[in-house]
Amino acid sequence: MNSAESIRISDDAALVVIDVQNAWNDQDYFPPRNNPAAEDNMARLIDTWQAAGRPVVFVRHDSPKPDSPLRPGQQGNDLQDFVQERRGKGSGPELLVTKTVNSAFLGTPDLGRWLDEAGIRQLVVIGIMTNWCVETTARMGGNLGYDVIVPMDATYTFDAVGPDGESLTADELFRATATNLHAAGFARIAPTAALVERG
């Protein structure tokens, strides 16, 4: 992983908060998760960004699947309370993006256009799920030329079954995402504490 000491946070770096919605708390629908400290770290980062007047982007997944708890009109689609209560609290720019796929860059309104019009070139990506929408957004951001930072401890994911029927734990998938993003140069990895200290 990258040395957090080498990471500088731009004054206009955008915090992108991915899919922190009620549905993920449904233990009957989703398998076991990891990183129980994720929500506290997400909240710390949102507070830090808002206090500094930096831009914050909230992303909501509006699933088109009829059986998904993330579909619009369901309570599971709503942002979790600790996120919803922070919306509109900062002095900096704020955006809500809705999407039906993994990448926040393929949502409405156009995230890339919004960032580019504001001259924003650095992103800090947090939220749910680590190896799905967080990783996909970070990869696409890196490919589009943004300086992407992912504080892994402000994300979490769930156990999953592969095509061979074998399961990987949430922690294994979590480590794989960190390795993928770091090794391929899509994003830099840093702990929440380091980013808060630089806030």
Side-chain angles (χ1 to χ4, degrees), residues 1-21 24 33-61 79-80 82-83 86-87 89-90 92-95 97 102-105 111 115 120-158 169-199:
M1 293 188 182
N2 302 76
S3 170
E5 294 181 1
S6 67
I7 292 178
R8 295 182 60 189
I9 304 299
S10 301
D11 290 341
D12 64 351
L15 181 68
V16 184
V17 185
I18 305 281
D19 302 351
V20 186
Q21 295 164 255
W24 305 116
R33 59 167 278 188
N34 73 329
N35 192 20
E39 288 88 347
D40 285 344
N41 288 327
M42 293 179 206
R44 289 174 65 200
L45 284 163
I46 295 170
D47 289 345
T48 298
W49 250 248
Q50 290 182 327
R54 291 193 180 100
V56 179
V57 178
F58 296 100
V59 182
R60 189 185 72 219
H61 189 81
L79 296 175
Q80 293 183 24
F82 81 93
V83 172
R86 285 172 166 80
R87 289 190 60 203
K89 302 295 185 182
E94 182 177 308
L95 181 71
V97 172
N102 300 105
S103 176
F105 284 97
L111 175 59
L115 294 169
I120 296 168
R121 301 308 303 165
Q122 188 177 66
L123 310 178
V124 175
V125 183
I126 66 175
I128 312 166
M129 299 165 45
T130 310
N131 55 313
W132 286 10
C133 296
V134 171
E135 182 171 349
T136 303
T137 299
R139 282 174 176 252
M140 193 164 178
N143 280 342
L144 290 170
Y146 296 97
D147 175 21
V148 182
I149 301 166
V150 179
M152 294 291 295
D153 59 358
T155 77
Y156 70 81
T157 191
F158 301 87
T169 67
D171 280 337
E172 289 172 328
L173 294 166
F174 189 86
R175 290 194 298 272
T177 288
T179 301
N180 288 339
L181 294 176
H182 167 76
F186 291 113
R188 295 181 289 164
I189 308 300
T192 291
L195 302 186
V196 169
E197 288 169 7
R198 288 159 174 74

Chi angles and distances behind the side chain to side chain contact (heavy atoms under 4.5 Å, CB included) call for T48, L195: CA-CA 9 Å; T48 298; L195 302 186; over 6 Å; no

Exam field: side chain Q80 to backbone Q21, donor-acceptor pair closer than 3.5 Å: yes

Residues forming a side chain to side chain contact (heavy atoms under 4.5 Å, CB included) with D153, sequence neighbours excluded: N35, N41, P151, P191, T192

Let me have the donor-acceptor pairs involving side chains of residues 127-135, under 3.5 Å, with sequence neighbours excluded, atom names and distances please.
{"from": "T130", "atom 1": "OG1", "to": "T155", "atom 2": "OG1", "distance (Å)": "2.8"}
{"from": "T130", "atom 1": "OG1", "to": "Y156", "atom 2": "N", "distance (Å)": "3.2"}
{"from": "T130", "atom 1": "OG1", "to": "Y156", "atom 2": "O", "distance (Å)": "3.1"}
{"from": "N131", "atom 1": "OD1", "to": "T157", "atom 2": "OG1", "distance (Å)": "2.4"}
{"from": "E135", "atom 1": "OE1", "to": "T177", "atom 2": "OG1", "distance (Å)": "2.6"}
{"from": "E135", "atom 1": "OE2", "to": "R139", "atom 2": "NE", "distance (Å)": "3.0"}
{"from": "E135", "atom 1": "OE2", "to": "R139", "atom 2": "NH2", "distance (Å)": "3.0"}
{"from": "E135", "atom 1": "OE2", "to": "N180", "atom 2": "ND2", "distance (Å)": "3.1"}

From CG (L144) to OG (S103), nearest 0.5 Å: 8.0 Å

By side-chain hydrogen bond (donor to acceptor under 3.5 Å, both in side chains) - contacts of E39 (at least two apart): R33

Contacts of D47 that satisfy salt bridge (charged side-chain N to carboxylate O under 4.0 Å, His left out) - sequence neighbours left out: R86

Partners meeting salt bridge (charged side-chain N to carboxylate O under 4.0 Å, His left out) with D147 (sequence neighbours left out): R188

Pairwise side-chain contact, L123 with T137, heavy-atom cut-off 4.5 Å (strictly under): no

side-chain hydrogen bond (donor to acceptor under 3.5 Å, both in side chains) partners for N102, two or more places apart: none

Salt bridge (charged side-chain N to carboxylate O under 4.0 Å, His left out) partners of residues 9-20, not counting sequence neighbours, each pair once: D19-K99

V148 to G141 - nearest heavy-atom pair and separation: CG2-C, 3.8 Å

Gap between atom CD1 of I126 and atom CE of M42 - 0.5 Å precision: 6.0 Å

Heavy-atom side-chain contact between V125 and I18 under 4.5 Å: yes

Beyond-backbone contact of I46 with F58, side-chain heavy atoms, under 4.5 angstrom: yes

Partners passing side-chain hydrogen bond (donor to acceptor under 3.5 Å, both in side chains) against R121 (at least two apart in sequence or in another chain): D116

Side-chain donor or acceptor of R54 paired with backbone N/O of S10 under 3.5 Å: yes

Minimum side-chain heavy-atom gap E94-Q50 below 4.5 Å: yes

Where A187 and A138 come nearest, the two heavy atoms and their spacing: CB-CB, 4.5 Å

Residues which pass ring pair (Phe, Tyr, Trp, His ring centres under 6.0 Å) with Y146, listed by chain and number, not counting sequence neighbours: F105

Which residues share a salt bridge (charged side-chain N to carboxylate O under 4.0 Å, His left out) with R175, sequence neighbours left out: none

Set of residues satisfying side-chain hydrogen bond (donor to acceptor under 3.5 Å, both in side chains) with respect to D171, sequence neighbours excluded: N34

A104 to L111 - nearest heavy-atom pair and separation: O-CB, 3.6 Å

Partner set under salt bridge (charged side-chain N to carboxylate O under 4.0 Å, His left out) for E172, not counting sequence neighbours: none

Backbone of V16 reached by a side-chain donor or acceptor of W49 within 3.5 Å: no

